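Notes to accompany the following structure.
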Amino acid sequence: MIKILKHLGRSWICVPFVFLLLMLQAACDLALPQYTSDIVDVGIQQGGVENAVLETISGKQFEKLLMFDRSGALSGCYSYDGQTASLSADRSDAEEYMTYPAAVVYALDSMDMSQIPQDSGGMFAMMPPEGMSFTDALLMMPEMQRSAVVDRINDSFDGYSEVMLTQLAVEFARSELISQGTDMENLRMTYLFKTGAKMLGLALAIMLITIIVGFLAAQTAALFGMNVREKVFRRVVSFSNAEMDKFSTASLITRSTNDIQQVQMIVVMILRMVLYAPIIGVGGIIKVVRTGTGLGWIIVVAVAAISVLVVILMTVAMPKFRSMQKLVDRLNLVTREILTGLPVIRAFSREEHEEQRFDAASTDLMKTQLFTGRTMSVMFPVMTLIMNGISVLIVWFGAKGIESGDMQVGDMIAFLTYTMQIVMSFLMLTMISIMLPRAAVAAGRINEVLETDTSVKNKDSALTSGITEGRVTFDGVSFKYGDSEEEVLHGISFTAEPGETTAIIGSTGSGKSTLINLIPRFFDVTAGKITVDGNDVRELDMKYLRDNIGLVPQKGVLFSGTIDSNLRFGCEDASGEQLAEAAQIAQASEFIEGKPEKYDSPISQGGTNVSGGQKQRLSIARAIAKKPKIYIFDDSFSALDYKTDAALRKALNEKVAGSTVIIVAQRISTILNAEKIVVLDEGGIAGMGNHKQLLESCEVYRQIASSQLSESELGNTGKEAM
């Protein structure tokens, strides 16, 4: 999978920006729960009072606070003129020293002194007069006695939690603000609106970042898909026939489409989820630790439960995901074979058999997809169960913490939200971990294509000149396919001279098509060499070599477009006269001129809107329009009637007299007047010469001729008029 990602190319530049944006989004996401907590705790429960720090404090209250200032630093935070204390330090610094004194003063002043027995002793031994608070009484005590009482009070408050002290301190601040005439309702609403505005701003920022990240991820994945498709296509086009045989056409189509789509989809998910999940997960854990709720063990339980689920799912589903792409290959192969061979299937009434074959391939894929789909469908209910179970645990133990004063309601809500964010991050990683195997298989299949070197390639110093006449020489040529031990051709030696027609004939499977495929280097020889005008074809630049060859394959292939575009396929800048001459030589002018749009007549994909003979004549005209030095006809006259065949060969002899013409044929009549006939039998040369010589000297040729010609034709060895 890592190897395939290197094909991101220049789109890599988007990845750092996406990462930074995801960091910003995570920061916004992680800030929202704290604001929710503040709305509940500060805005609702505390009436908008954030902490005990006040801008001004009455002199009497300030003196009470100083009695319980253990650090002695509170006096440095306020400027006291005897009447009013005004804040002179930073609020965050003052809060550290203000919380404890404010909490103690409020707690003492809130006590109902009438409920305390007169003989209780201790710090309450001296009861204040009726209507006087305890702290007022403390201020009136002598210094020594007051210090003793304060020490005992401090000892009694040591067991209070920080949360409880904070709450008491805030209540002190609220009472002081009320005494100063502050509009508490306005203060509360102001805080709620201010905090709500911040949350709205964060939500808008998250929305904007999500849109930008989605755009960048989609663009990056699309560019990645385009780059990989281009590289796969270029690689496939460069493959020799050996590599095309190694990968089936159906498999190459699947690898170029479905496989790349799978990897492209995982690239989007990596940029949108895989990068984001660890950020939000780690950030959530840090936030949870900072809340200090003591419920961290719940997260450990959640992560452990999710991990067990992931391991089980991956163990069960991974093998099926690995096999899915092969099943898609199989279905593609069967579908392609059936659609291509539909006429034959109908002719032999094999529809039912082929339906069963398609159904078997489709059913195998369906069963695998159902299995993986059901596995995935099990994951979501289980994950929901885990998340709801975690929520119940948090609420249960959080309620106990609230009851004991160790936690506030807002803290519990924030902890619950952070926990859900952590769980969701693991859920995202779980989804990726299940989808990744299929994408990894697809990436491996794509890499297999990209990393397969063609067995036929140019040398670094390939020649781009040297072909002047087109003389083709086979010098001790042998060839075998791939790792096969048996040679298809062996010991082939002959020369095809310019200005002559060299014919190749032999029984089916004798190696005729293989032999001519060696000339344009569709395969490379395994022994010996093939030269063109004395230059080994392996030393020549392949484009240069093939530009000098006009090949007409055994099966005529036309491309969607027009007759004109098909004839220009080998020579785009050919003139209209050149195309007309090529069509006339190929005996295609008559049916072209008979069409309403003539050379602009449309050709459908594969040339299905023209007959087999017309397709062959257009293929021949395409090669002639190229005006190459070497013409190769691989049984290209088989679909022509004898009259058209004779007229075409006569025109060829007249118009391309200076070129090397190599014809592979099954019909003796097609090559009867060739200057040189090479007879192949079981991969070797059984005879060589003209028609008359071979009838006398080659038994293989004589048998082929006797099966096609009458006794009178066999006796007539004279040269017939073309």
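Source: prediction; values computed, not measured.
The salt bridge (Lys or Arg N to Asp or Glu O under 4.0 Å) check on Glu230 picks up Arg234, with sequence neighbours excluded. Every residue meeting the side chain to side chain contact (heavy atoms under 4.5 Å, CB included) condition with Ser71, not counting sequence neighbours, appears here in chain and number order: Asp69, Ala73, Tyr97. By the side chain to side chain contact (heavy atoms under 4.5 Å, CB included) test, Gln83 is found to be paired with Asp81, residues two or more places apart in sequence or in another chain being considered. Taking the side-chain hydrogen bond (donor to acceptor under 3.5 Å, both in side chains) definition, one finds that Ser179 meets it with nothing, sequence neighbours left out. A search for ring pair (Phe, Tyr, Trp, His ring centres under 6.0 Å) contacts involving Phe193 returns nothing, not counting sequence neighbours. Residues meeting the ring pair (Phe, Tyr, Trp, His ring centres under 6.0 Å) test with Phe559, sequence neighbours left out: Phe569. Remark: Arg336 pairs with no residue by the salt bridge (Lys or Arg N to Asp or Glu O under 4.0 Å) rule, at least two apart or across chains. Checked against ring pair (Phe, Tyr, Trp, His ring centres under 6.0 Å), Tyr78 has the following partners two or more places apart in sequence or in another chain: Phe62. The salt bridge (Lys or Arg N to Asp or Glu O under 4.0 Å) test applied to Arg235 returns Asp453, not counting sequence neighbours.
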*Begin from the C-alpha positions of Glu63 and Lys60 and carry the test salt bridge (Lys or Arg N to Asp or Glu O under 4.0 Å) through to its verdict.*
CA-CA 5 Å; Glu63 289 177 0; Lys60 186 177 181 180; over 6 Å; no
*asked:* Working note: Thr417 + Thr36, criterion side-chain contact (heavy atoms from CB on, under 4.5 Å); need CA distance, chi angles, decisive distance, verdict.
replied: CA-CA 9 Å; Thr417 307; Thr36 304; 5.8 Å; no
*For side-chain contact (heavy atoms from CB on, under 4.5 Å), just list the numbers for Leu108 and Met67, CA-CA rounded to whole Å, side-chain angles, deciding distance to a tenth of an Å, and then say yes or no.*
CA-CA 12 Å; Leu108 293 175; Met67 286 192 299; over 6 Å; no
*Begin with the C-alpha distance, continue with both residues' side-chain angles, and end with the deciding distance and a verdict on side-chain contact (heavy atoms from CB on, under 4.5 Å) for Tyr106 and Glu176.*
CA-CA 10 Å; Tyr106 180 78; Glu176 184 67 12; over 6 Å; no
_Leu216/Leu21 under side-chain contact (heavy atoms from CB on, under 4.5 Å): CA gap, chis, key distance, verdict_ = CA-CA 10 Å; Leu216 291 176; Leu21 287 171; 4.0 Å; yes
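In terms of modelled atom types and a separation under 3.5 Å, the side chain of Gln180 and the main chain of Thr56 share a donor-acceptor contact. No donor-acceptor pair under 3.5 Å is formed between the side chain of Asn332 and the backbone N or O of Val328. Between the side chain of Ser37 and the backbone N or O of Pro33, no donor-acceptor pair lies under 3.5 Å. Within the 3.5 Å criterion, the main-chain N or O of Ile153 finds a donor-acceptor partner in the side chain of Ser156. The main-chain N or O of Asp29 is found under 3.5 Å from a side-chain atom of Gln421 such that the two form a donor-acceptor pair.
Shown here is Met23, whose CE atom has no more than 12 heavy atoms of other residues, nucleotides or ligands within 6.0 Å. For Met265, the CE atom sits in a packed shell: over 12 heavy atoms of surrounding residues, nucleotides or ligands are nearer than 6.0 Å. Annotation for Phe19: atom CZ does not count as buried by contact number, only 12 or fewer foreign heavy atoms lying within 6.0 Å. More than 12 heavy atoms of other residues, nucleotides or ligands lie within 6.0 Å of CZ in Arg70, so this atom counts as buried by the packing criterion.
Side-chain contact between Val263 and Val228: absent, with no pair of heavy atoms (C-beta onward) separated by less than 4.5 Å. Between Phe17 and Ile212, the closest side-chain pair of non-hydrogen atoms is not below 4.5 Å. Using a 4.5 Å cut-off on side-chain heavy atoms (C-beta onward), Phe397 and Phe415 make no contact. Using a 4.5 Å cut-off on side-chain heavy atoms (C-beta onward), Leu66 and Pro101 make no contact.
Here the shortest heavy-atom pairing between Val18 and Leu271 reads CG1-O, 3.6 Å. When all heavy atoms of Ala52 and Ala173 are compared, the closest pair comes out as CA-CB, 3.8 Å. Residues Val268 and Ala221 approach most closely at CG2-CB, 3.2 Å, considering heavy atoms. Between Thr363 and Asp359, the closest heavy-atom pair is OG1-O, 2.5 Å. The two residues Ala169 and Thr99 come nearest to each other via the heavy atoms CB-O, 3.4 Å. Pairing each heavy atom of Ala222 with each of Gln264, the nearest pair is CA-NE2, 3.8 Å.
Residue Ile280 holds its CD1 atom at 9.5 Å from OH of Tyr418, rounded to the nearest 0.5 Å. Taking OG of Ser362 as the start and CG of Leu327 as the end, the distance is 10.5 Å to the nearest 0.5 Å. How far CG of Asp41 is from CE of Met412: 10.0 Å, rounded to the nearest 0.5 Å. Atom CZ of residue Phe224 and atom CD1 of residue Ile270 lie 9.0 Å apart, to the nearest 0.5 angstrom. Between Lys231 atom NZ and Met226 atom CE the span is 10.5 Å, to the nearest 0.5 Å. Rounded to the nearest 0.5 angstrom, Leu192 CG and Leu187 CG are separated by 9.5 Å.
Annotation: salt bridge (charged side-chain N to carboxylate O under 4.0 Å, His left out) contacts involving residues 248-257, sequence neighbours excluded, comprise Arg255-Glu448.
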Would you give me the side-chain donor-acceptor pairs under 3.5 Å for residues 194-209, sequence neighbours excluded?
unit_1, atom_1, unit_2, atom_2, d
Thr195, OG1, Tyr191, O, 2.9

Output a table of donor-acceptor pairs, distance under 3.5 Å, between side-chain atoms of residues 44-51 and any protein atom two or more places apart or on a different chain; print 'none' if there are none.
unit_1, atom_1, unit_2, atom_2, d
Gln46, OE1, Gln167, NE2, 2.9
Gln46, NE2, Val49, O, 2.7
Asn51, OD1, Val53, N, 3.1

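Classification of Glu171 and Arg174 as a salt-bridged pair holds, one side-chain N sitting under 4.0 Å from a carboxylate O.
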